[in-house]
Each structure stands twice: as C-alpha cells, then as structure tokens.
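Input: a single structure, listed below in structure tokens.
Just the heavy atoms: all of them, side chains too, but no hydrogens, waters or symmetry mates, feed the values below. If you're wondering where the values come from, they're calculated on a predicted model, not measured in any experiment.
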Amino acid sequence: MPQAIAETVFDILYLGFAIFAGFTMLRKGRNTLVRKAGSMSALLGAGDAFHLIPRTYALWTTGLEANAVSLGMGKFITSITMTIFYLLLYYIWRDQYQINGRKGLTEIMWGLSVIRIALCLLPQNQWLVYHQPLLYGVLRNIPFAAMGIIIIVIFFQETKRTNDQVFRFIPLAVALSFGFYLPVVLFSKSFPVVGILMIPKTLAYVWIILMTWRLYKES
C-alpha cells in the first residue's frame, strides 16, 4: 500500500506537469521551436500515461503480474513514444542553433529511430508476458542508447560554443536519464529493487521539460 500511494502521487504530478506544459507550449508558443518543445513534452506525458496508469491500477488491485497484458502494451507504446521524443529533441537542437546541412546526421538519427521501432515490433519481445526476454530488452535499447549519446554530444558542443544558458544542462539530463534507465533494463529482473531508479530517470525528463519551459517563458 505505501508503494501504491507513493507511486500514484508521483505519477499524477509527473503526468499532469508534462501534459500541461506540453499543451500550453503548443497552444501559446509564438514560434515553431517552442511548439516543437510542446509536442515533445505532451508526447512524453501521453506516452508514459499508457504505462503508468495501468501500473497504478495494478498496484491498487490485483498486482503487477496479474495485469501483465496492459502493462506490456503500455511499455510497448512508451518505447515508441520515447524514440519519437529523442527525434523531436534532435530537431529542437537544429532549430535552437540554426543548424543547416548535416544531412548525414539527420539520416543517422532517423535510421536509429526506424531500427529501434522495428526491434520493438518484433514478436520476440513478448510484450504481453510479465517476464520478458532480457536479450530483446537489450537489443532494442542499443539504437535508443546511440540516439541518446548523439543528443548528449551535439547539445554539449553547441551549448559550449554559443554559451547557451537555457539548454546548457540538456547533456547532463539526458546522460542521467540513461544512467538510471540502463541498470533497470539489465538488472531489474534479478534485482527488482533496481526498478526504483525509474524515479530519478523520470525526474531527469522533468528537468528537460523545465528547460524547454524556460525557453517558452523567455519567448
């Protein structure tokens, strides 16, 4: 019961903030950059809702394993939306720093996104069972991690070059999100307590949204 209460409160605050910030930036944003940030934030909240709402329901009712189907579908949808999240963040980078060209980098980001989504679609993932294969959990996260590394590098380069105070901590926030997420992928089946790292991982995404919110306020 304490876990159910804590997770429910946290999820309501997180989803409410992400969706509110996203739709506010979408509706009131004065330029395409802010509206892209709004799309990214709203997508993050809406995508995570497909996983967190069934999880909350499971914690308050018959338990996680008994709700494996809804949890698995939610996890699948979240995997897709998170891929698009990083693709949108890449285009925010291009707009913020007025990047022209770099066609090869764009193709790499799109290629990694397609590979990631294709891997998520494979039936071998067994999304609808409670204990999913570790191998495919690792495989589908390889292109995802590659996207994260690219985002870290390109934002670090441009924030340093331009002395950008709005997005200067994006590389750190993305690095932290993956630093907390990857141990969950690798070890949560053997050590369920590792799953608690999803909380600071989520807070890293909240930090990213707050940075885009600052961009909205300044515009």
Side-chain angles (χ1 to χ4, degrees), residues 3-4 6-8 10-12 14-15 18-19 22 39-90 109-151 174 177-206 208:
Q3 180 185 359
E7 285 200 27
T8 300
F10 180 82
D11 292 345
I12 289 172
Y14 160 61
L15 294 176
I19 294 172
S39 299
M40 186 181 72
S41 178
L43 179 70
L44 177 69
D48 281 358
F50 280 96
H51 174 63
L52 295 178
I53 291 176
R55 181 177 174 86
T56 299
Y57 173 81
L59 288 173
W60 284 98
T61 55
T62 52
L64 298 176
E65 192 162 358
N67 291 273
V69 173
S70 59
L71 288 171
M73 283 303 301
K75 189 176 179 182
F76 165 71
I77 292 169
T78 300
S79 296
I80 304 298
T81 56
M82 284 306 307
T83 307
I84 301 171
F85 173 90
Y86 277 102
L87 200 56
L88 285 170
L89 189 54
Y90 168 74
M109 287 296 289
W110 273 97
L112 289 170
S113 299
V114 170
I115 293 171
R116 155 81 167 174
I117 292 173
L119 288 171
C120 288
L121 290 171
L122 292 176
Q124 289 87 344
N125 287 285
Q126 297 183 38
W127 291 108
L128 303 185
V129 303
Y130 187 66
H131 294 293
Q132 297 159 0
L134 176 61
L135 174 61
Y136 281 86
V138 172
L139 287 177
R140 67 177 178 261
N141 278 295
I142 291 174
F144 187 53
M147 293 177 71
I149 291 170
I150 291 172
I151 291 294
V174 173
S177 71
F178 276 96
F180 291 124
Y181 173 63
L182 293 179
V184 176
V185 173
L186 295 172
F187 306 119
S188 61
K189 186 181 292 186
S190 301
F191 306 98
V193 70
V194 175
I196 200 170
L197 292 177
M198 293 300 284
I199 294 176
K201 172 253 186 186
T202 301
L203 292 175
Y205 284 116
V206 170
I208 294 173

With a 3.5 Å cut-off and sequence neighbours excluded, list the donor-acceptor pairs that the side chains of residues 187-196 form with protein atoms.
from : atom 1 : to   : atom 2 : distance (Å)
S188 : OG     : V184 : O      : 2.6
K189 : NZ     : Q132 : O      : 2.5

Response to the item:
On a heavy-atom basis, the closest approach of L15 and L52 is CD2-CD1, 4.0 Å

Worksheet item: Quick check: are there more than 12 heavy atoms from other residues, nucleotides or ligands sitting under 6.0 Å from CH2 of W110?
Response: no

Discussion item. Can a donor-acceptor pair be found, under 3.5 Å and without considering hydrogens, that links the side chain of D11 to the backbone of I53?
Written reply: no

Practice prompt. Please report the shortest heavy-atom distance between V185 and V138, naming the atom on each side.
Written response: CG1-N, 4.4 Å

Worksheet item: Which distance, rounded to the nearest 0.5 Å, do you find between the OG1 of T78 and the CE of M73?
Response: 10.5 Å

Worksheet, complete the sentence: Minimal heavy-atom distance between G47 and T81, with the atoms involved, is CA-OG1, 3.5 Å

Discussion item. To the nearest 0.5 Å, what is the distance between OG on S177 and CE on M82?
Written reply: 7.0 Å

Worksheet item: Under the side chain to side chain contact (heavy atoms under 4.5 Å, CB included) test, which residues partner L112, sequence neighbours left out?
Response: I108, P143, A146, M147, I150

Item to complete: Check step by step if side-chain contact (heavy atoms from CB on, under 4.5 Å) holds for I208 and M40.
Response: CA-CA 10 Å; I208 294 173; M40 186 181 72; 4.1 Å; yes

Worksheet item: Can you name the residues that form a salt bridge (charged side-chain N to carboxylate O under 4.0 Å, His left out) with R140, not counting sequence neighbours?
Response: none

Fill in: Chi angles and distances behind the side-chain contact (heavy atoms from CB on, under 4.5 Å) call for F10, L203
CA-CA 10 Å; F10 180 82; L203 292 175; 3.9 Å; yes

Worksheet item: Between atom CG of L43 and atom CD1 of I19, what is the distance when rounded to the nearest 0.5 Å?
Response: 10.5 Å

Item to complete: Determine which pairs satisfy ring-ring contact (aromatic ring centres under 6.0 Å, His included) with at least one residue from residues 120-151, sequence neighbours left out, and list them in order.
Response: F76-W127, Y86-F144, F144-F178

Worksheet, complete the sentence: Value for OG1 (T56) from CG (N67), rounded to nearest 0.5 Å, stands at 11.0 Å

Discussion item. Is it the case that the side chains of Y181 and N141 hold a donor-acceptor pair, with the cut-off being a distance below 3.5 Å and no angle test?
Written reply: yes

Discussion item. Between T8 and L59, is the side-chain contact (heavy atoms from CB on, under 4.5 Å) condition met? List the steps.
Written reply: CA-CA 9 Å; T8 300; L59 288 173; 5.9 Å; no

Worksheet item: How long is the span from the CG atom in D48 to the CZ atom in R55, to the nearest 0.5 Å?
Response: 12.5 Å

Worksheet item: Looking at V129 and A68, what are the two nearest heavy atoms and their distance?
Response: C-CB, 4.1 Å

Worksheet, complete the sentence: Heavy-atom nearest pair, F50 first then A46, reads CD1-O, 3.2 Å

Item to complete: Please list, chain by chain and in numerical order, all residues satisfying ring pair (Phe, Tyr, Trp, His ring centres under 6.0 Å) with Y14, sequence neighbours excluded.
Response: none

Worksheet item: Looking at A49 and P54, what are the two nearest heavy atoms and their distance?
Response: O-CD, 3.6 Å

Worksheet entry | Residue pair T83, L87: steps toward the side-chain contact (heavy atoms from CB on, under 4.5 Å) verdict | CA-CA 6 Å; T83 307; L87 200 56; over 6 Å; no

Item to complete: Report the residues that fulfil side-chain hydrogen bond (donor to acceptor under 3.5 Å, both in side chains) with S39, sequence neighbours left out, ordered by chain and then residue number.
Response: none

Practice prompt. First locate atom CD1 of I199, then atom CD of E7, and finally report the distance between them rounded to the nearest 0.5 Å.
Written response: 6.5 Å

